[in-house]
Amino acid sequence: MNYQVTMPSLGADMDHGKIMEWKINPGDHVSKGQTIAVVETTKSNVEIESFRDGHVTELVGKIGEEIPVGAVIALFEVQDEKGGMGFEEFKKEETSLKKSSLREVISHRMSLSKKDIPHYYLKHQINLGPFMNWLDKTNMNLPPDERIMIQVGLLRAVVISLNQFPELNGHFVNDKFSQIKSIHTGVVMAFKEEGVIVPAILESQLMSLKELNTAFLDIIARARSGRLKNRELTEGTITITNLGDQGIDEVFGIIFPPQVAIIGFGKIHKAPVINGDVITPEFVVNVTLSADHRVTDGMTGARFLAFLEEKLMFPQSLGVARDLK
Amino acid sequence: MTSNEAKSVIIEIFQEIFPEVIFNKINPDRPLREEVDMDSYDIYRIMVFLAQKTGVTIPDSKIPELKSINAIIKYIIGQPTHRLPQSPDQ
């Protein structure tokens, strides 16, 4: 059947884009996830990818032409697919936000989230003493350019935990939750003065600690230089927000629809911890979970946070220096 | 390593990571994060460069105590430099 590829809204001050380069030709086979074009937005160049397997029938968009968001840029021939990606419905709503600044897009999305998603909130303080000891030892035995970032250690623990709690990882669309096997972990990053951008590390469940570190550093560098991919901006299945840098004790995030949960980390700091009859200063962090009550309840959320705590209290499970892939 | 050598290394690192910052304007006794706009990624890069150029790896657990440039210099010159493991060729 005919399939129309349209100019995507990449959410940042964008009502039109310019095709700088086509990466495909009429007649080519295209795979889902394959880069099909490079598009210039007001802020940066973005590689856009195909959402479907198929064959290229026609390239409609001309190179160098200003093309409105939502306009057809290419025609593919694809197999009929039952269901399809429900979140395209959600993205259609976004493409109708013409001439919107990043702040307006965030405002619209967060208002929808708060209105439609019944959030519940949990918080837990986790003793990070063992984790910091493990991280120090691990990094002492690695060359400097392979040093593991603290955030990556935390991220790895979250990804391992989500493997055990798949009901927190997926999309809620058309009154239905679709569990997603891949864990595309969105990480909230400040974007210039205007707001935040949330690129996802795709397939993070397949990565070792070392691979996750490389991917995390890569995504930060590409976010700063405007070289993120379309899929990274649209296919996140879970989000982590970390306001430790800003010195904040804890953060309760608002879920990014169509996701069903967001995990928040505060600043890692020393606090008095009671060990038997003794009070000792230990590194601790406040972790929060904001989750969609249509999909999970507090019991699941609590078990998730307890599982995460165990991963961080016994960090050898996150990766061992000599075994790092 | 002397204090001046450590300071030169830090100046070099700042020129790479924060090219727009005038190093002499930074108060070396004030918390660095109040003097220069930086986040944990910037701090990570500083730590990597420091280890590459001085042979001293500053552990993450130590970083919160080393708030100012002078605190970092004092730590570096107080550490024995050690031969770092090399990245294996792929």
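Just so we're on the same page: letters track the sequence lines, and every chain starts at 1. Below, all heavy atoms of this structure are taken into account, side chains as well, without hydrogens, waters or symmetry copies.
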Practice task
Taking the side chain as every heavy atom from C-beta outward, state whether A/Met189 and B/Tyr41 have any pair of such atoms under 4.5 Å apart.
Solution key: no
Practice task
Heavy atoms only: give me the nearest A/Gln151-B/Ser40 pair and the separation to one decimal.
Solution key: NE2-OG, 2.6 Å
Practice task
Answer yes or no: are there more than 12 heavy-atom neighbours, outside A/Ile279 itself, under 6.0 Å from its atom CD1?
Solution key: no
Exercise for the section: Pick one of side chain, backbone, both or neither for A/Met149, based on which atoms fall under 4.5 Å of a heavy atom in chain B. Expected result: both
Problem - Test log, rule side-chain contact (heavy atoms from CB on, under 4.5 Å), inputs B/Met38 and A/Asp245 - result: CA-CA 9 Å; B/Met38 62 173 73; A/Asp245 271 2; over 6 Å; no
Handout entry: Residues A/Lys137, B/Asp60: salt bridge by 4.0 Å N-O rule
Key = no
Practice task
Please look at B/Tyr44 and chain A and tell me whether the side chain, the backbone, both or neither of the residue comes under 4.5 angstrom of a heavy atom of that chain.
Solution key: side chain
Handout entry: Selection from A/Ile220, A/Leu135, A/Ile268 maximising heavy-atom pairs under 4.5 Å formed with chain B
Key = A/Ile220
Problem - Verdict with reasoning, A/Arg147 to B/Thr57, per side-chain contact (heavy atoms from CB on, under 4.5 Å) - result: CA-CA 10 Å; A/Arg147 181 178 179 134; B/Thr57 296; 3.8 Å; yes
Handout entry: A/Asn275 CG: over 12 foreign heavy atoms closer than 6.0 Å
Key = yes
Problem - Pair A/Asp136 + B/Lys62, salt bridge at N-O below 4.0 Å - result: no
Exercise for the section: Among A/His269, A/Met132, A/Lys270, A/Gln246, single out the residue with the greatest number of heavy-atom pairs under 4.5 Å to chain B. Expected result: A/Met132
Exercise for the section: Pick one of side chain, backbone, both or neither for B/Ile58, based on which atoms fall under 4.5 Å of a heavy atom in chain A. Expected result: backbone
Problem - Other residues, nucleotides, ligands: >12 heavy atoms within 6.0 Å of B/Lys53 NZ - result: yes
Problem - A/Leu217 portion near chain B, given a 4.5 angstrom heavy-atom threshold - result: both
Practice task
Write down the atom of B/Pro64, the atom of A/Phe283, and the distance for their closest heavy-atom approach.
Solution key: CG-CE2, 4.3 Å
Problem - Heavy atoms of other groups near A/Phe314 CZ, more than 12 under 6.0 Å - result: no
